[in-house]
Amino acid sequence: MGKDIHTPAVNRLFNAILTLKSVEECYQFFEDVCTIQELVAISQRFEVAEMLTQKKTYLDIAEKTGASTATISRVNRSLTYGNDGYTLVLKRMAEAAAETTAEEDN
């Protein structure tokens with residue numbers, strides 16, 4: 001079994017992230033906290049998750065994102081058996097996009 005990530009230090013990190021108010025602030029913080037490769041890897045997994053929820057094939061995902069089939073499979077496992085984190089965020093992003101579109105239409 002893996003190490004429990006529910007620690008005071010991780011709680012403090014997540015609370016720090018929740019204070020960020022813009023994409024630019026996220027860039028400032030994450031460029032200090034993560035290496036470029038770590039940020040690229042995280043964003044790639046997120047893009048893979050989005051494409052998997054859109055029922056894209058592994059081949060299409062690998063071609064568009066450059067992700068290995070192992071990475072795609074790992075993300076797919078998380079979508080199927082994980083904590084629903086990807087699903088939660090993707091749903092909220094879709095809702096926010098729909099609200100923005102509705103506001104623009106009015």
Side-chain angles (χ1 to χ4, degrees):
M1 175 129 314
K3 184 178 178 184
D4 183 17
I5 65 164
H6 297 268
T7 66
V10 173
N11 283 345
R12 187 159 170 76
L13 172 64
F14 290 162
N15 282 318
I17 292 167
L18 290 171
T19 68
L20 301 172
K21 296 180 180 174
S22 68
V23 171
E24 186 54 40
E25 286 184 2
C26 288
Y27 273 104
Q28 288 176 282
F29 180 75
F30 282 98
E31 285 182 36
D32 284 347
V33 173
C34 299
T35 66
I36 292 171
Q37 190 55 42
E38 289 168 334
L39 280 172
V40 168
I42 292 167
S43 65
Q44 182 186 66
R45 288 192 294 268
F46 187 71
E47 189 175 14
V48 167
E50 189 169 26
M51 292 179 76
L52 284 167
T53 61
Q54 295 167 352
K55 307 298 184 199
K56 304 288 185 190
T57 67
Y58 275 36
L59 181 60
D60 288 340
I61 295 168
E63 286 177 357
K64 179 158 188 335
T65 66
S68 68
T69 55
T71 296
I72 298 167
S73 179
R74 180 181 178 275
V75 172
N76 194 42
R77 261 193 320 278
S78 291
L79 285 168
T80 304
Y81 304 110
N83 295 314
D84 294 326
Y86 284 121
T87 304
L88 173 70
V89 170
L90 290 169
K91 178 182 175 195
R92 287 188 181 162
M93 289 178 70
E95 290 168 352
E99 287 176 16
T100 300
T101 301
E103 289 173 6
E104 290 172 354
D105 290 343
N106 289 329

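A quick note: this is a predicted structure, and the numbers were derived from the prediction, not measured. Hydrogens, waters and symmetry mates are skipped; everything else that's a heavy atom, side chains included, is used.
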Considering only distance and modelled atom types, tabulate donor-acceptor pairs under 3.5 Å from the side chains of residues 89-105, sequence neighbours left out.
residue	atom	partner	partner atom	Å
Thr100	OG1	Ala96	O	3.0
Thr101	OG1	Ala97	O	2.9

In the single-linkage hydrophobic clustering (I, L, V, M, F, W, Y; side-chain heavy atoms under 4.5 Å), do Leu20 and Leu13 co-cluster? yes

Kindly say whether Lys21 contributes a backbone atom to a donor-acceptor pair with the side chain of Glu25 at under 3.5 angstrom? yes

Heavy-atom count check: over 12 atoms from other residues, nucleotides or ligands less than 6.0 Å from Ile36 CD1? no

Give a yes or no on whether the backbone of Gly85 and the side-chain of Asn83 come within a donor-acceptor separation of less than 3.5 Å. no

So how far is it from Thr71 OG1 to Asn76 CG, rounded to the nearest 0.5 Å? 12.5 Å

d(Tyr58 OH, Ser68 OG) to nearest 0.5 Å is 10.5 Å

Look up atom NZ in Lys55 and atom CG in Asp60, then write down how far apart they are to the nearest 0.5 Å. 14.5 Å

Grouping I, L, V, M, F, W and Y whenever their side-chain heavy atoms are under 4.5 Å apart, do Val33 and Phe14 come out in a common cluster? yes

Are there over 12 heavy-atom neighbours, none belonging to Asn15, within less than 6.0 Å of that residue's CG? yes

Tell me whether the count of non-hydrogen atoms from other residues, nucleotides or ligands lying under 6.0 Å of CZ in Arg74 goes above 12. no

Quick one: pull up CD1 in Ile72 and OG1 in Thr57 and give me the separation to the nearest 0.5 Å. 8.5 Å

Tyr27 atom OH, over 12 foreign heavy atoms within 6.0 Å: no

Are Phe46 and Leu39 connected in the hydrophobic side-chain network, where two residues link if heavy atoms are under 4.5 Å apart? no

Between atom OG1 of Thr69 and atom CG of Leu59, what is the distance when rounded to the nearest 0.5 Å? 10.5 Å

Common cluster, Val75/Ile42, ILVMFWY with side-chain heavy-atom separation under 4.5 Å: no

So Leu52 and Tyr86, do their side chains get closer than 4.5 Å, heavy atoms only? no

Just how far is it from atom NZ of Lys56 to atom OG1 of Thr65, taken to the nearest 0.5 Å? 12.5 Å

Are Val40 and Val23 in one and the same hydrophobic cluster, where Ile, Leu, Val, Met, Phe, Trp and Tyr link if side-chain heavy atoms are under 4.5 Å apart? no

